[in-house]
Amino acid sequence: MAAGSGSRLGAAIPKAFVPVAGRPMIEWSVDALRAAGIEEIVVALPESGAAPAGCLGVRGGATRSESVRAALDAASGDGDVVVHDAARPLVEPSLFVEVVEALSAADCAIAAARVTDTIKEADGDVVVATYDRSRLWAVQTPQAFRRAALEAALNVDASVLATATDDASLVERAGGTVRVVEASPANFKVTTPHDLRIAELLLRAR
Ligand SMILES: Nc1ccn([C@@H]2O[C@H](COP(=O)(O)OP(=O)(O)OP(=O)(O)O)[C@@H](O)[C@H]2O)c(=O)n1
Ligand SMILES: C[C@](O)(CO)[C@H](O)COP(=O)(O)O
């Protein structure tokens, strides 16, 4: 998924094409997908971007779910599908393999890191709940799906799709089984300028 503008990053070009450690951000994820042996790579693109060599590019949509739908429609075959954010350039190839393997007992398997902060819910600035973090996960991509499960999950009202911040939540909503694969917090999403500085340092150190 590379079709987002990156409004929170605030760069002059779409986030997936912002240089990180000397290369467009998306190239790091494409390398990892190839190293993991993923057979076909479809990239949901913004208006102004081109797909990396060897990848099929499709125009993404205004929302994440629309971009996923466009890429899925362009992907051939009926095999398992992995969705990944171009905004996670630190992903390790082994994580793609792990989420696909976890599909043997699920409709969907998601990478996620254990929550290390205490998480509270507030109404305005008044705390109304404190959660048991031993049961909480900070969700990432890659997320692997049985193709039919993702297709069915995306076949819902546009208003539901517009508010889904990840694709696995649509499978949950449809009653499918979603399994967690523990991942490193190093697979963070580049969202802010601070994230970009950290990604730059870590990728240059590789
Ligand atoms: N319509 C969209 C929105 C997001 N994405 C992709 O989904 C990933 C995660 O989204 P996020 O980090 O929120 O990216 P942006 O939407 O670009 O960021 P922002 O919300 O700050 O504008 C990114 O790789 C982004 O390119 C996409 O393909 N299509
Ligand atoms: C799918 C995702 O990467 C899981 O963490 C994330 O929700 C997508 O990014 P956004 O910032 O919510 O658009």
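As the structure is a computational prediction, the values presented were derived from the model and not from experiment. Along the sequence shown, residues are numbered consecutively beginning with 1. Every number for a ligand or one of its atoms is a count from 1 in the order of the listing.
- Considering K15, Q143, R64 in turn, R64 is the only one that fulfils the side-chain hydrogen bond (donor to acceptor under 3.5 Å, both in side chains) rule with D85.
- Closer than 4.0 angstrom to ligand 1 by heavy atom are M1, A2, A3, G4, S5, G6, S7, R8, K15, G61, A62, T63, R64, S67, D85, A86, A87, K189, sorted by chain and number.
- Looking at heavy atoms from C-beta onward, L9 lies in side-chain contact with L196 at the 4.5 angstrom threshold.
- When only non-hydrogen protein atoms are considered, atom 4 (C) of ligand 2 lies nearest to V139 O, 3.4 Å.
- The hydrophobic cluster containing V97 does not contain V30, counting ILVMFWY residues as joined when their side-chain heavy atoms lie under 4.5 angstrom apart, directly or transitively.
- Side-chain contact between V91 and Q140 is absent, with no heavy atoms from C-beta onward closer than 4.5 Å.
- Near R64, with a cut-off below 4.0 Å to any heavy atom, the atoms of ligand 2 are 1 (C), 8 (C).
- Residues S48 and I13 are not in side-chain contact: their nearest non-hydrogen atoms beyond the backbone lie 4.5 Å or more apart.
- Put simply, the side chain of W28 does not reach to within 4.5 Å of the side chain of R88, judged on heavy atoms.
- For R8, every heavy-atom contact with ligand 2 shorter than 4.0 Å involves the side chain, none the backbone.
- The shortest contact between atom 10 (P) of ligand 2 and any protein heavy atom is with K189 NZ, 3.8 Å.
- A heavy-atom distance below 4.5 Å is found between the side chains of L95 and N187.
- At a heavy-atom cutoff of 4.0 Å, ligand 2 is contacted by both the backbone and the side chain of T165.
- Among protein heavy atoms, atom 3 (O) of ligand 2 sits closest to D85 OD2, 2.5 Å.
- Considering only heavy atoms from C-beta on, W137 comes within 4.5 Å of E182 through its side chain.
- Contact check for R146 versus C108: no side-chain heavy atoms found under the 4.5 Å cut-off.
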